[in-house]
Amino acid sequence: DTGVSQNPRHKITKRGQNVTFRCDPISEHNRLYWYRQTLGQGPEFLTYFQNEAQLEKSRLLSDRFSAERPKGSFSTLEIQRTEQGDSAMYLCATSLDGRDTDTQYFGPGTRLTVL
Amino acid sequence: DQQVKQNSPSLSVQEGRISILNCDYTNSMFDYFLWYKKYPAEGPTFLISISSIKDKNEDGRFTVFLNKSAKHLSLHIVPSQPGDSAVYFCAASIRNTDKLIFGTGTRLQVFP
């Protein structure tokens, strides 16, 4: 098992551009979460999928953010018209339904810098 | 509204001694608590967890204590090793709601 993977690891973009991040979960983990972490803070919840269904979205997830998980496997997080305030580490975590569902395993993150 | 608080931003401990990291929470609905360790440029790594029906859980050098009446938990690392130097995050959840609420972290430095 290779763990949760995220791509790219780093992304630098100009304000106003669109960016997309990908998360590949631990195999058989049907729950997938996105978090955002800024400097000096802990990770903050953004959204959550169970299989392909998006079950919860944080108020932090503005209309410029969209997440998908087609077929219940990998997930993508897209940010449209990026702003400097979007600069952060975006973390993906997964867990297995029915066993320690509250234990989430994190990927290495994608660090976004908006210039 | 910070529901999970780690009031010590940093802690320095000598190798071989005990490290005690503290965490306080305000939401009495939280019933599951976790500790994660994070190295720079990596995602958080799960360390240990505890359900609210217990007051202690131990895994090797790591022990988590939960005091529900005080809404306080702590992570003990004994003996501390230089490789333990990292940022430690406390997290809490309400079971079956899936969302983890994190504290702001404590940076632990273990020196020889």
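What you see below is based on every heavy atom in this structure, not just the backbone, and it leaves out hydrogens, waters and symmetry mates. In the text below, chain A, chain B and the rest are named by the order of the sequence lines, each starting its count at 1. Given the structure is predicted, the values throughout are model-derived calculations rather than measurements.
For CG of A:L39, the number of neighbouring non-hydrogen atoms (other residues, nucleotides, ligands) closer than 6.0 Å is 12 at most. At most 12 non-hydrogen atoms from other residues, nucleotides or ligands lie less than 6.0 angstrom from CD of A:E68. The number of heavy atoms from other shown groups lying within 6.0 Å of CZ (A:R64) is above 12.
The minimum heavy-atom distance linking A:T103 with B:S49 is given by the pair OG1-OG, 4.4 Å.
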Show me the donor-acceptor pairs within less than 3.5 Å that the side chains of residues 4-11 of chain B make with the rest of the protein, sequence neighbours left out.
residue : atom : partner : partner atom : Å
B:Q6    : OE1  : B:C90   : N            : 3.0
B:Q6    : OE1  : B:G105  : N            : 3.0
B:Q6    : NE2  : B:Y88   : O            : 3.0

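Here the CG-CD distance, from A:L91 to B:E42, works out to 11.5 Å after rounding to the nearest 0.5 Å.
Hydrophobic clustering keeps A:Y33 apart from A:L112 (ILVMFWY residues linked when any side-chain heavy atoms are closer than 4.5 Å, directly or through intermediates). Under the 4.5 Å side-chain heavy-atom criterion for grouping Ile, Leu, Val, Met, Phe, Trp and Tyr, B:L34 is connected to A:I26 within one hydrophobic cluster.
Under the 4.5 Å side-chain criterion, counting only non-hydrogen atoms from C-beta, B:F89 is not in contact with A:Q41. B:L100 places none of its side-chain heavy atoms less than 4.5 Å from the side chain of A:P43.
When heavy atoms are compared at a cutoff of 4.5 Å, A:Q37 approaches chain B solely by way of its side chain, counted from C-beta outward.
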Side chain to side chain contact (heavy atoms under 4.5 Å, CB included) for B:F102 and A:Y35? Distances and angles first, verdict last. CA-CA 10 Å; B:F102 282 84; A:Y35 291 82; 4.0 Å; yes
Show your working on side chain to side chain donor-acceptor pair (under 3.5 Å) between A:Y105 and B:T45 and close with a plain yes or no. CA-CA 7 Å; A:Y105 297 90; B:T45 300; over 6 Å; no
One pair to check against side chain to side chain contact (heavy atoms under 4.5 Å, CB included): A:Q104 and B:Y36. What are the steps and the verdict? CA-CA 10 Å; A:Q104 298 177 19; B:Y36 286 85; 3.8 Å; yes
